[in-house]
Every structure is written in C-alpha cells, then in structure tokens.
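Just the heavy atoms: all of them, side chains too, but no hydrogens, waters or symmetry mates, feed the values below. When a ligand or atom number is given, it counts from 1 through the structure's own listing order.
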Amino acid sequence: MAGYTVSFLPNEIEINCDSGTNLLELAADAGVEIKAVCGGAGSCGKCQVIVKEGKVNKLDQGILSPDKLEQGYVLACKAEVISDVVIEVPPESRLSKHQILLDDDMGDGEYLTEEDLNIDDRVELSPLYQRLELELNEPSLVDNASDLERLYTEINRDRNLPDLKTPLPVLKELASHLREYDWETGVSLAAVNGNYEVAELSAPDDENSDYGIAVDIGTTTLALNLVDLSTGKTVAMEGAYNKQANYGDDVIGRINFVKENDGGLERLHQSIIKSINELIENAATKQGIEHSDIKTAVFAGNTTMAHLFLGIDPNNIRLDPYIPTLNFIPPVRANELGINIKEESWVYCLPGVASFVGGDITSGVLATELSKQDKITLFIDIGTNGELVLGNQDWLMTCSCSAGPAFEGGGIEYGMRAMTGAIELFDIDEETYEMKYSTIDDAPPIGVCGSGLINLIAILNEVGIINRSGKFDSELEHERLRDRDYEKEFVLVPKEEAGIDKDIVITENDIKNLLRSKGAIYAGIRMMLRNMSLTEDFIEQVLVAGGFGNYINLDDAKKIGLLPDLPADKFKFVGNTSLKGAKISLLSKDAFDRVEEIAKKMTYLELSAEDQSQDFMDEFVSAQFIPHTDLSLFPSVTE
Ligand code: FES
C-alpha cells in the first residue's frame with residue numbers, strides 16, 4: 001500500500017500512514033486530540049476537520065450540511081487517507097486541557113467547597129505492600145529449621161499470617177541473602193487474595209522508600225497519586241485526560257468502538273495503559289525515583305473502564321441483561337498489563353457492583369465512610385453517567401440512571417467538557433436579554449461546559465425565555481431567538497465574540513437533552529427513595545462527588561431540579577472520592593478488604609427491570625420539567 005504523509009494543523013504534527021487509514025484513528029496515533037463523542041459512529045458530528053490540501057475518501061458524511069462539505073469539512077471518523085493531506089482541526093473539534101480533580105482542588109464562593117475527608121489522619125497504615133525489618137535466629141545443630149521456616153517464624157512473631165507464600169525467584173535467593181546479611185533482613189510482604197506473599201528481600205536498614213500508586217480511571221480523566229508507603233503521604237499528583245476519549249465520549253461509545261472495529265479492544269486497552277504509564281513517568285520523575293521503586297498499585301474505575309484496563313471485552317455490559325465479565329477482580333501482575341512499575345508487582349482493581357456501578361463508586365463509599373454513617377446519606381457522582389448510592393451503616397442501595405453525557409457536552413451542539421474556552425457561567429439582562437459570560441482560562445468562548453449548561457437552563461427559565469418544559473416562549477420576539485430547520489435556537493455568543501467562526505447557540509433539542517439528563521438523575525433518586533419507602537425529607541446528607549461536582553452551583557442545580565431541594569448545609573462536595581478510596585485501599589489492607597464488603601452489601605436497583613421500569617418512566621417523565629411537574633418537591637425554588 002502507498003505511504004502518505006498527513007499533516008495536522010495548527011500544531012503542524014506530521015505522521016505517515018498507509019492508504020485507507022482512518023483519519024480519526026490516525027489523529028489519535030499522532031497525539032492529535034479530536035472530540036469523538038459517538039466513538040466514530042458518524043452520528044455526533046463533533047470530529048469535524050477541514051481538508052486544506054490533498055484528498056480523503058469520504059465515507060458516510062450524512063450529517064454534514066452541503067455548505068460544510070463545500071468548505072472542505074469532513075467527519076474525521078468517516079474519512080480515509082488516500083493522498084498526502086493537510087488537515088486543520090478547528091478549535092471546536094479539539095480536546096484541550098481539562099479541569100481534573102487530583103484530590104485537593106477547591107471550589108469557592110457560591111460553589112460547594114470540598115470537604116476534607118481527613119484521609120491521612122484516618123488511615124491506620126498497613127499498606128498492601130509493606131516492608132518489615134527482621135532479625136532471625138541463627139541456625140545450629142539443635143535448631144535446624146529450614147531457612148524458609150525460620151523466616152516465616154520471625155514474620156509471624158507479632159502477626160498471624162498462616163498462609164504465607166513465597167514465589168520461586170525469592171526462594172532462589174533466600175539462602176545466600178540471609179547468610180550475606182548475617183540473619184538480619186528486610187522483607188517485603190504483598191497482599192494477594194486474602195493472604196500475603198514474600199515479595200522481596202532487601203538489605204537490613206535499607207533506607208530507600210517503597211512507593212505505591214492510587215489511580216482513578218475516569219471515563220473522561222485520569223488522576224494519579226504517588227504515595228510513600230512508609231509514611232502514607234502523597235508525594236506527587238498527576239492528572240490527564242483519558243486518551244480513550246478519542247474513541248468515544250462515554251462508555252457506550254467506547255464499547256461500540258470495540259465492537260465495530262477490528263483490534264478495537266486492544267487499541268482502547270493500550271490507550272489507557274499508555275495514558276497511565278505517562279502519568280507514572282511524570283510522577284516518578286518529579287519524585288526522583290525509578291519505576292522499580294513503585295511496588296504496587298490500586299485502580300478504581302467504572303465497570304467498563306475496568307474491563308478495558310484489563311483488556312477484557314466489555315460488550316455484554318451494554319446488552320440486556322447487562323452482565324459484566326466480572327465485578328470482583330483478582331490481583332494481576334503489573335507486567336501482564338504493561339503497567340510500568342516494578343515488574344511482577346501486584347496491581348489491584350477495586351470491585352464493582354454491576355455493569356453500571358463500578359469500583360469508582362465502591363471506592364467513593366469507602367472514602368466517605370458512607371457505610372459507617374448514622375445519617376441517611378445520598379451519594380451522587382455525576383460524570384458521563386449518573387451513579388447514586390443511598391443508605392447508611394445498616395443498608396446501602398445503588399443505581400445508575402443513564403443520564404448520558406449531556407453535562408459533559410455530549411448531545412449538546414455547543415456543549416463541551418470543562419476545558420479552556422468553555423463558558424462556565426452566564427449573566428443575562430432581564431430586559432434586553434444581553435448576555436455576559438465567563439470562560440475557563442478567560443479564553444475566547446468555544447462552547448459551554450456542564451456547570452455553564454446548568455446555569456444557562458436556570459437563568460433562561462428564570463427570565464422566561466424558556467418555559468418549564470424547556471420550550472422557547474412562543475410569543476417572544478428577539479433577534480437572539482431565531483428559527484432553524486425544525487426548531488428554534490437562542491444565540492448565546494455572536495460569532496464576532498466567539499473563539500470559533502460561528503455563533504454559539506443553544507437549541508430546543510439541546511435543552512431537551514439536558515432536561516432528560518437531569519430528569520434521569522432525579523428520577524433515579526426518587527426510585528431509590530420509593531424502594532425504601534422514604535421521601536426526600538429523610539435524606540440527612542447529600543455527598544456530591546466526581547470531577548463535575550466541584551463546579552456545580554448548588555442553587556442552579558436545585559432550580560432546574562437536578563438535585564433535591566434540601567437546605568444547603570446538607571450538601572457536601574467530597575471531590576474525587578474514587579481516587580481517595582483507591583489511596584485509602586493502597587495504604588490499608590483492612591480498608592481494601594472493606595471495599596469488597598461494601599460491594600457485597602450494596603443492593604443494586606436495576607431501573608430497567610420489569611418491576612421498576614414503569615415507575616422509573618413515570619418519575620423520569622415528571623422530572624423532565626423545570627424543576628419538576630410536582631412543584632411541592634421544590635418548595636424553596638418555587639417560592
Ligand atoms: S461523528 Fe465522528 S466521532 Fe462522532
């Protein structure tokens with residue numbers, strides 16, 4: 001096959017490829033990050049690029065208007081390279097810097113301020129990988145126990161580990177090591193499947209620290225803590241966006257990519273491994289250590305991310321009856337996965353509950369100590385989906401409510417993730433409807449992120465531009481409100497002010513998608529309450545978690561009916577609890593075991609099951625109004 005050179009603008013990144021190579025996949029290989037909400041299905045239109053020179057083979061470009069095609073736009077996911085070509089990636093199609101919660105970002109002002117979960121004080125240090133200093137009795141003719149028995153006796157002097165194992169490589173060096181150091185030795189134990197193994201022998205008084213990593217594998221972002229296992233302190237934090245986003249914005253997009261592309265599973269698996277290894281590299285460099293100083297790792301992610309991380313086909317997750325390959329994941333050797341830490345180290349994934357409630361949620365329950373609370377607590381994690389937990393120390397119920405990625409910009413024409421140039425806050429003049437806005441990094445606006453969308457719906461409804469069902473006021477005449485195809489749109493930012501070459505608008509369809517998303521989350525909350533014969537008043541505490549929670553304006557979220565209308569002091573923002581729970585598990589074997597207990601204890605409410613689906617539909621329909629069809633549920637908002 002002929003080899004061609006593709007040059008991506010504006011960064012002038014060049015890459016060679018064979019004829020027929022898919023342009024979106026090639027961009028990912030070249031490190032050019034292009035939005036791909038639908039995972040290359042050709043339905044979202046977010047991957048538009050402009051062919052400046054050369055030719056591509058256009059496959060199904062159906063959703064692009066004739067005008068756009070005329071201007072040289074193509075869907076990257078539906079274009080193949082057939083010549084040398086120069087491609088411009090316009091600003092609205094680029095993925096750029098994200099707001100990522102590493103675990104100490106703070107909200108401010110009218111936003112929820114992150115609650116300090118006091119992890120460092122709370123955890124009793126007993127890491128999954130721990131080093132002991134031992135002094136063994138020297139053997140003699142009257143004390144002729146073997147070297148291994150002698151070692152086990154000393155390990156068990158202050159602890160009870162009857163099922164210790166020692167792998168062959170350690171056995172091979174045991175005799176010479178003990179004699180070289182005159183029966184004093186350092187011994188590292190690694191927890192494996194409820195037992196421990198002797199993972200490593202070291203010189204006595206070895207002052208080098210052992211490190212571990214805790215990683216949150218989010219659908220959108222990755223966050224990593226490098227932790228000194230001897231002190232429990234985080235010594236470096238790294239975050240990045242999940243490169244799998246090149247293949248789909250949400251888990252369904254990624255699963256579709258795996259299903260529809262030969263080698264898709266391996267591509268997504270390698271993509272996540274590569275992203276994590278880059279974070280490890282950065283953290284190790286910052287701390288001035290070798291990869292081999294990192295002796296263990298704990299990962300927390302949703303069920304699809306866990307499957308892709310392990311290289312397991314996630315296809316059944318999206319098919320009725322939604323069965324994952326596994327929820328409880330045995331430890332895996334780092335080198336089997338290609339994770340760049342000490343070879344043969346154990347890598348642990350926190351257990352999930354079901355296809356759409358994964359280890360990120362059980363990790364969150366651990367981090368917030370929800371399962372120890374007296375108070376009836378609602379835990380909400382809104383990311384590319386909405387996962388909910390309700391309960392206390394006596395019971396835990398969980399569900400996932402298919403909120404879809406609207407709050408991360410999916411399905412919204414000018415929606416985007418919280419990145420540079422995203423509008424996060426609006427202000428509107430009630431008389432003239434002139435709009436002011438603020439953007440992330442004060443960059444020219446290129447779209448609206450989740451917090452901006454929530455704020456936008458709240459203020460458009462407040463000033464009467466949209467009614468409670470999300471429709472534009474049919475009587476309203478204003479230059480910003482105009483007809484298009486089969487619906488209306490409202491201009492938020494005219495082209496002259498925007499960082500892209502067109503007006504930024506919100507359409508009736510966008511608003512419908514947002515109301516569906518918020519409706520799904522609120523309906524999920526109502527369904528859990530119903531199943532426990534409770535009402536909103538019984539909720540004593542609401543914990544808002546996840547990368548999105550940090551930026552939600554509480555009043556706006558209540559005004560549109562996304563969060564229950566409860567007093568502000570009942571809400572706490574708890575940050576990236578997936579990462580926090582992973583760190584706690586890394587540092588405490590007891591906590592690690594407790595996550596498994598938590599996963600077993602949680603009752604999963606399948607909202608599409610026969611006995612739930614009709615009630616859920618009723619709740620869902622009612623919740624698609626602003627704030628709800630039943631205004632008595634939102635007394636403070638409707639006062
Ligand atoms: S249309 Fe190309 S990724 Fe969605």
Side-chain angles (χ1 to χ4, degrees), residues 6 8-9 17 20-52 56-82 85 87-96 98 219-220 241-265 267-268 271-272 304 308 314 318 384-385 404-417 419 446-449 485 500 502 507 509-510 513 517:
V6 177
F8 288 98
L9 303 178
C17 66
T21 302
N22 177 284
L23 196 53
L24 183 65
E25 290 179 21
L26 183 69
D29 288 344
V32 175
E33 290 159 353
I34 296 177
K35 290 180 191 168
V37 173
C38 67
S43 58
C44 71
K46 296 281 184 186
C47 66
Q48 295 177 28
V49 295
I50 306 163
V51 180
K52 302 298 271 188
V56 295
N57 180 29
K58 297 176 195 167
L59 305 176
D60 181 8
Q61 301 283 325
I63 63 168
L64 285 187
S65 65
D67 266 9
K68 284 244 158 151
L69 289 167
E70 184 76 12
Q71 291 165 37
Y73 279 88
V74 293
L75 297 177
C77 68
K78 296 291 175 193
E80 294 171 346
V81 178
I82 50 169
V85 64
I87 300 291
E88 181 181 330
V89 184
E92 64 272 25
S93 300
R94 290 176 214 152
L95 282 167
S96 61
H98 276 73
T219 308
T220 307
Y241 103 95
N242 184 339
K243 287 190 167 56
Q244 287 183 344
N246 289 320
Y247 308 102
D249 252 23
D250 58 8
V251 294
I252 299 299
R254 310 264 169 96
I255 296 172
N256 284 340
F257 182 86
V258 169
K259 177 145 194 300
E260 282 159 22
N261 294 278
D262 282 346
L265 175 60
R267 203 167 241 275
L268 290 196
S271 163
I272 192 77
T304 302
L308 294 173
R318 71 179 186 119
T384 47
N385 213 345
F407 292 121
E408 297 211 334
I412 310 297
E413 189 162 334
Y414 289 91
M416 61 184 290
R417 300 203 193 106
M419 304 187 295
I446 57 174
V448 189
C449 65
D485 302 334
I500 52 176
K502 45 197 162 180
T507 69
N509 195 45
D510 292 339
N513 285 339
S517 284

- Check which protein N, O or S atoms are less than 2.8 Å from atom 4 (Fe) of ligand 1 and report how many there are.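 Number of qualifying protein atoms: 2.
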
Please table the atom pairs, donor to acceptor, closer than 3.5 Å between any side-chain atom in residues 38-49 and protein atoms at least two apart or in another chain.
unit_1	atom_1	unit_2	atom_2	d
K46	NZ	I412	O	2.7
K46	NZ	E413	O	3.0
K46	NZ	G415	O	3.4
Q48	OE1	K68	NZ	2.9
Q48	NE2	G45	O	3.0

- Message: Minimum heavy-atom separation for E33 and N246, please, with both atom names.
- Response: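 Heavy atoms only, the tightest pair is CA-OD1, 3.7 Å.
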
- Item | V74 versus L23, closest heavy-atom pair with distance |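 Smallest interatomic distance, heavy atoms only, reads CG2-CD2, 4.5 Å.
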
- Item | Side-chain donor or acceptor of R254 paired with backbone N/O of T219 under 3.5 Å |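 Yes, R254 side chain to T219 backbone: donor-acceptor pair under 3.5 Å.
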
- Message: Among residues at least two apart in sequence or on other chains, which ones pass ring pair (Phe, Tyr, Trp, His ring centres under 6.0 Å) with F257?
- Response: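 Scan of F257 (ring pair (Phe, Tyr, Trp, His ring centres under 6.0 Å), adjacent residues dropped) gives Y247.
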
- For D262, all residues meeting side chain to side chain contact (heavy atoms under 4.5 Å, CB included), sequence neighbours excluded: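 Testing D262 for side chain to side chain contact (heavy atoms under 4.5 Å, CB included), a comparison that skips the adjacent residues, returns none.
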
